[in-house]
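Computed over heavy atoms, backbone and side chain alike; hydrogens, waters and symmetry mates excluded. Everything quoted here is computed from the prediction, not taken from an experiment. Residue numbers count from 1 along this sequence.
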Amino acid sequence: MLSVVYFHCKTIRNAANITANFEKSRSKISHFRPQKSEKSSAKSWRCSRNTLQKQQSLPVRPIIPLVARISDQNASGAPLMMVREKTRLDKFKQLLASPNTDLEELRKHSWSGIPREVRPVTWRLLSGYLPANRERRDLVLQRKREEYFGFIEQYYHSRTDENHRDTYRQIHIDIPRTNPLIPLFQQPLVQEVFERILFIWAIRHPASGYVQGINDLVTPFFVVFLSEFVEEDVENFEMASLPLDTQRNIEADSFWCMSKLLDGIQDNYTFAQPGIQIKVKALEELVSRIDEDVHVHFQKCEVEYLQFAFRWMNNLLMRELPLRCTIRLWDTYQAESEGFSHFHLYVCSAFLIKWRKEILSMVDFQSLLMLLQNLPTIHWGNEEVGLLLAEAYRLKYMFADAPSHYKR
């Protein structure tokens, strides 16, 4: 335990050294209105309807790309492959090449970021999709990929049936909205892949079915597994240029890894979305203890946490960060125990408090909510995400085992 604490405390100290570069990454970002889940209209949410209605008066601005560059380029423009990065890559290759990969050691090294070259196989391992035993991996991949396309043959034709028609219709509407200004995701072939993944997941999980926001969660897996076959940035890559077997493998792997993620946070998407309600309340409680000034300022401006944090929990901050930053963030989430279900709370808290100066400078509801829905992260890179994660780990270390510190 002491070695883990030392490892992450070292991460915090390293992150502090790049604080001077941190402020350079800020820029204006255009307004994006959060999508509203059909399931979130349940009775338990009606009490917040009046406050949510205030958002309707906010001006609408054009959507900006979620990806400036999907590559692992730091915002500072520093070269990617330094000696340290080469050493880390060698360590990953050594771990992955062993007959039985030490998953704890792999998590330890993945916490501070996974090199692009080994990220696909590392994500498969950390998500629980692949076994640690190297000899079994090819057989497991073959079996799981065949199983997925067995689901396609068994269920996909039913998308036009009356009992599944509404689910498929909503998926079909939402897919073009997924990263709308990135050419990769506007290709009909890619949209068909997403439709199949989401429809099969929905009918195999009737307790929740499809909920708006789940469509975003396919994206990081799809991009990472596609990057295994693409050397350049993938946003303009033509999916049709890949062999059919490769396309099918990317689709199946994205389905299974997304399913593993959702297994841990499915209560976010069941009826009335109780998981999100609990997490938003926990965020409010935690922020009230971390930074009382920010918390009181929200109350003075009559801004409810639900009005901005619902999206943060529903989409795992994917609408607040460029996709390259989400991928880096998920390196750590998969390395953390309960990263998506628990550590995400501390990341959201650190993310909110990072903007305390800007938050406190806003004097009314409209300007404050507009800021919270348009936080200027478009030029963020690995450095900024590393600093955010270091602060989130500090908060977790302080509060996770002592919840009475932030309970009222």
Side-chain angles (χ1 to χ4, degrees), residues 8-9 11-32 34 64 66 68 74-76 111-113 279-280 282-298 301 303 305 307-313 315-333 336 339 342-362 367-400 406:
H8 291 306
C9 288
T11 302
I12 295 171
R13 290 196 301 270
N14 291 339
N17 293 332
I18 60 175
T19 304
N21 292 331
F22 185 65
E23 297 299 329
K24 297 179 181 179
S25 65
R26 300 183 181 182
S27 66
K28 288 291 183 181
I29 185 169
S30 57
H31 181 69
F32 184 88
I64 64 163
L66 290 180
N74 289 332
S76 64
W111 202 98
S112 55
K279 290 180 176 68
V280 170
L283 177 66
E284 180 177 357
E285 298 281 1
L286 185 56
V287 171
S288 72
R289 295 304 178 187
I290 295 170
D291 196 323
E292 186 177 4
D293 290 342
V294 168
H295 181 69
V296 170
H297 191 65
F298 284 153
C301 293
V303 169
Y305 283 77
Q307 293 168 319
F308 62 90
F310 175 88
R311 188 170 76 183
W312 293 13
M313 302 302 176
N315 302 80
L316 297 176
L317 286 177
M318 286 193 62
R319 295 299 175 100
E320 324 312 319
L321 299 171
L323 183 52
R324 63 185 179 277
C325 294
T326 296
I327 290 171
R328 167 62 192 91
L329 189 67
W330 284 23
D331 287 346
T332 299
Y333 280 5
E336 272 280 331
H342 185 64
F343 187 61
H344 181 66
L345 168 65
Y346 298 97
V347 171
C348 288
S349 300
F351 186 64
L352 181 62
I353 300 305
K354 181 260 171 294
W355 307 103
R356 79 178 308 273
K357 180 180 177 181
E358 292 81 356
I359 288 170
L360 295 176
S361 70
M362 299 299 161
S367 60
L368 178 52
L369 193 59
M370 183 175 290
L371 169 70
L372 292 167
Q373 293 181 348
N374 296 277
L375 293 167
T377 63
I378 189 61
H379 295 300
W380 274 30
N382 288 348
E383 292 181 356
E384 291 77 13
V385 175
L387 189 62
L388 176 69
L389 288 166
E391 176 62 12
Y393 182 81
R394 186 185 71 84
L395 295 175
K396 179 191 174 187
Y397 185 74
M398 291 176 61
F399 293 102
Y406 64 84

Test of understanding: with side-chain contact (heavy atoms from CB on, under 4.5 Å), list the residues that count as partners of Ala309, not counting sequence neighbours. Val280, Leu283
Sequence neighbours excluded, the answer for side-chain hydrogen bond (donor to acceptor under 3.5 Å, both in side chains) partners of Thr332 is Arg328
Nearest-0.5 Å distance that lies between atom [atom1] in [X] and atom [atom2] in [Y]:
X: Cys348; Y: Leu395; atom1: SG; atom2: CG; value: 11.5 Å
X: Leu360; Y: Asp291; atom1: CG; atom2: CG; value: 7.0 Å
X: Arg289; Y: His295; atom1: CZ; atom2: NE2; value: 8.5 Å
X: Lys354; Y: Leu388; atom1: NZ; atom2: CG; value: 9.5 Å
X: Ile290; Y: Met398; atom1: CD1; atom2: CE; value: 8.0 Å
X: Phe298; Y: Ile359; atom1: CZ; atom2: CD1; value: 4.0 Å

Nearest heavy-atom pair of [X] and [Y]: which atoms, and what distance?
X: Leu329; Y: Leu321; answer: CD2-CD1, 4.2 Å
X: Val287; Y: Ser349; answer: CG2-OG, 4.5 Å
X: Gly381; Y: Cys325; answer: N-SG, 4.0 Å
X: Met313; Y: Leu345; answer: CE-CD1, 4.5 Å

Student check: side-chain heavy atoms of [X] and [Y] closer than 4.5 Å:
X: Phe308; Y: Leu375; result: no
X: Trp111; Y: Leu389; result: yes
X: Glu336; Y: Lys396; result: yes
X: His344; Y: Leu317; result: yes

Look at the rings of Tyr346 and His342 and say which category their plane angle falls in: under 30° parallel, 30 to 60° tilted, over 60° perpendicular. perpendicular
Can you tell me if [X] uses its side chain to pair, donor with acceptor, with the backbone of [Y] under 3.5 Å?
X: Arg324; Y: Trp380; result: yes
X: His297; Y: Met362; result: yes
X: Arg311; Y: Gln373; result: yes

Audit row: Arg356, Asp293, side chain to side chain contact (heavy atoms under 4.5 Å, CB included) steps and yes/no: CA-CA 9 Å; Arg356 79 178 308 273; Asp293 290 342; 3.6 Å; yes
